Amino acid sequence: MTTGKTLIRGARVLGGEPQDVIIVDETITAVGSDLTVSSAEGATVIDAQGQVLLPGLVDLHTHLREPGREDSETVLTGTRAAAVGGYTAVHAMANTFPVADTAGVVEQVWRLGRESGYCDVQPVGAVTVGLEGKKLAELGAMHDSAAGVRVFSDDGKCVDDAVIMRRALEYVKAFDGVIAQHAQEPRLTEGAQMNEGIVSAELGLRGWPAVAEESIIARDVLLAAHVGSRVHICHLSTAGSVELVRWAKSKGWNVTAEVTPHHLLLTDELVRSYNPVYKVNPPLRTEADVMALREALADGTIDCVATDHAPHPHEDKDCEWAAAAMGMVGLETALSVVQHTMVDTGLLDWSGVADRMSFRPAAIGRLGGHGRPIAAGEPANLTLVDPAYRGVVNPAGFASRSRNTPYQGLELPGQVTATFLRGKATVMDGKLT
């Protein structure tokens with residue numbers, strides 16, 4: 001990865017008319033359609049004709065597994081996967097071993113991210129000690145640490161105690177933090193294996209009802225409004241959840257929500273294969289849910305796309321359905337799935353993709369330097385994508401340490417050809433530098 005001067009020639013900035021972009025060291029110094037050669041003298045020139053230039057993507061929901069589960073992923077391998085996917089910043093979830101519930105652990109993750117150099121890593125702190133839902137973690141200490149934590153989540157588990165959730169919302173309000181809730185009423189999902197519906201009934205698998213998600217969202221948007229704090233809904237997956245978030249926003253409450261790429265594309269019909277690669281939390285839902293999620297992302301009810309990148313080693317997925325771990329890797333395929341489901345269907349343009357995958361997630365996470373306009377004087381965190389590319393997903397070539405993708409063998413559009421982190425090319429010609 002080298003710094004210096006780079007000229008990106010003829011890129012469609014946010015999908016608009018072709019323009020030239022000059023990067024000097026860490027900063028965009030010029031954007032225009034008629035930049036002179038002299039202004040870019042000595043620059044590395046990238047011919048970006050036909051390609052779309054986006055701000056570096058920001059993921060609010062990534063599992064990097066380190067410390068404790070380095071057999072699944074490490075900060076280094078996860079950030080390499082992120083760079084390949086066009087990301088310049090990721091938020092690392094707290095369900096590590098030990099749990100990221102102290103200033104010491106979040107600082108460790110933050111420093112590992114700085115050492116990796118492939119993208120910025122912003123740790124997410126646990127809401128409760130040990131993710132046990134009983135006692136608030138060191139929220140203030142994590143915020144005051146070198147990691148500067150602003151997002152807190154017990155993701156993987158729900159903060160199901162209403163009193164604990166209220167206290168957390170009150171506490172983070174003091175420093176404009178946000179509680180990111182994994183909405184899952186545990187009593188309604190005991191032993192659940194897939195979405196509750198026609199397919200679960202036919203397969204004889206215990207169902208995971210939509211109301212388990214929706215009931216927690218309903219409670220938490222009311223709590224956030226009562227406290228006057230910020231709540232973010234992780235991996236929203238049902239049409240009913242969409243309506244609840246839409247209602248909360250109509251009230252002017254400080255509620256945001258994310259959707260995963262896999263919930264924009266895949267349905268519970270795939271579970272008929274009994275292939276554990278399709279086992280995920282929350283589960284794949286119905287076609288009607290998928291369509292509602294796409295419409296909500298398009299109209300802004302759902303604020304952003306977040307990968308919920310959840311790597312698992314081979315043995316945790318290559319087993320019978322009931323014993324398999326829940327989760328899918330997603331960093332390297334997210335932009336392609338969004339192009340397939342949202343851009344190629346006409347629901348979003350590339351400016352909308354920039355909003356949902358960079359501007360808004362950076363704003364929700366209060367992540368400075370990311371989600372910025374592509375303009376002179378701004379940090380050179382950029383992603384160049386070739387939307388005309390078509391390719392079959394082959395996990396053997398992934399930068400991630402894990403291979404549990406639901407898209408193996410599927411043809412998807414778009415390829416990230418270059419990623420720049422503060423002017424440094426982390427990816428060039430589609431490959432890690």
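Along the sequence shown, the residues carry numbers beginning at 1. Bear in mind that the values here come from a model prediction, so they are computed numbers and not experimental data.
Of the candidates Asp308, Thr96, Thr307, His63 forms a side chain to side chain donor-acceptor pair (under 3.5 Å) with just one, namely Asp308. In summary, of the residues considered (Arg294, Lys249, Arg246), a salt bridge (Lys or Arg N to Asp or Glu O under 4.0 Å) with Asp299 occurs for Arg246 alone.
Taking the six-membered ring where the residue is Trp, His235 and His61 present tilted rings, their angle falling between 30° and 60°.
Remark: Arg111 engages Glu107 in a salt bridge, criterion side-chain N to carboxylate O under 4.0 Å. Electrostatic pairing of Arg167 and Glu170 does not count as a salt bridge here, judged by no charged N lying under 4.0 Å from a carboxylate O. The existence of a salt bridge linking Arg401 and Glu66 is excluded, since no basic side-chain nitrogen approaches an acidic carboxylate oxygen closer than 4.0 Å. Remark: Glu73 does not engage Arg69 in a salt bridge, criterion side-chain N to carboxylate O under 4.0 Å. Using a cutoff of 4.0 Å between basic side-chain nitrogens and carboxylate oxygens, Asp160 and Arg187 are not scored as salt-bridged.
Atom CD1 of Ile46 sits about 3.5 Å away from atom CE of Met428, to the nearest 0.5 Å. Atom CD of Gln19 is separated from atom CD1 of Ile8 by 11.5 Å, given to the nearest 0.5 angstrom.
Crowding of Phe175 atom CZ: a count of heavy atoms from other residues, nucleotides or ligands under 6.0 Å exceeding 12. Residue Glu315 qualifies as enclosed at atom CD: its count of foreign heavy atoms under 6.0 Å is above 12.
Defined by atom type and a distance below 3.5 Å, a donor-acceptor pair is missing between the side-chain atoms of Thr333 and Ser336. Neither side chain, Thr417 nor Asp386, offers a donor N or O lying under 3.5 Å from an acceptor on the other. With hydrogens and angles left out, the side-chain atoms of Thr189 and Gln184 include a donor and acceptor closer than 3.5 Å. A donor and an acceptor atom, one from each side chain of Asn195 and Arg285, are located under 3.5 Å apart.
Within the 3.5 Å criterion, the main-chain N or O of Thr419 finds a donor-acceptor partner in the side chain of Thr426. For the pair Ser402 (side chain) and Pro311 (backbone), a donor-acceptor distance under 3.5 Å is absent.
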Counting only pairs under 3.5 Å, give me each side-chain donor-acceptor contact of residues 202-212, with atom names and distances, residues two or more places apart or in other chains.
from, atom 1, to, atom 2, distance (Å)
Glu202, OE1, Arg272, NH1, 2.8
Glu202, OE1, Arg272, NH2, 2.9
Arg206, NH1, Glu190, O, 3.2

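Listed by first and then second residue, the salt bridge (Lys or Arg N to Asp or Glu O under 4.0 Å) pairs involving residues 356-372 are Asp176-Arg366, Asp303-Arg360, Asp355-Arg360, Arg372-Glu378 (not counting sequence neighbours).
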Taking it one step at a time, do Leu223 and Val231 satisfy side chain to side chain contact (heavy atoms under 4.5 Å, CB included)? CA-CA 9 Å; Leu223 282 174; Val231 69; over 6 Å; no
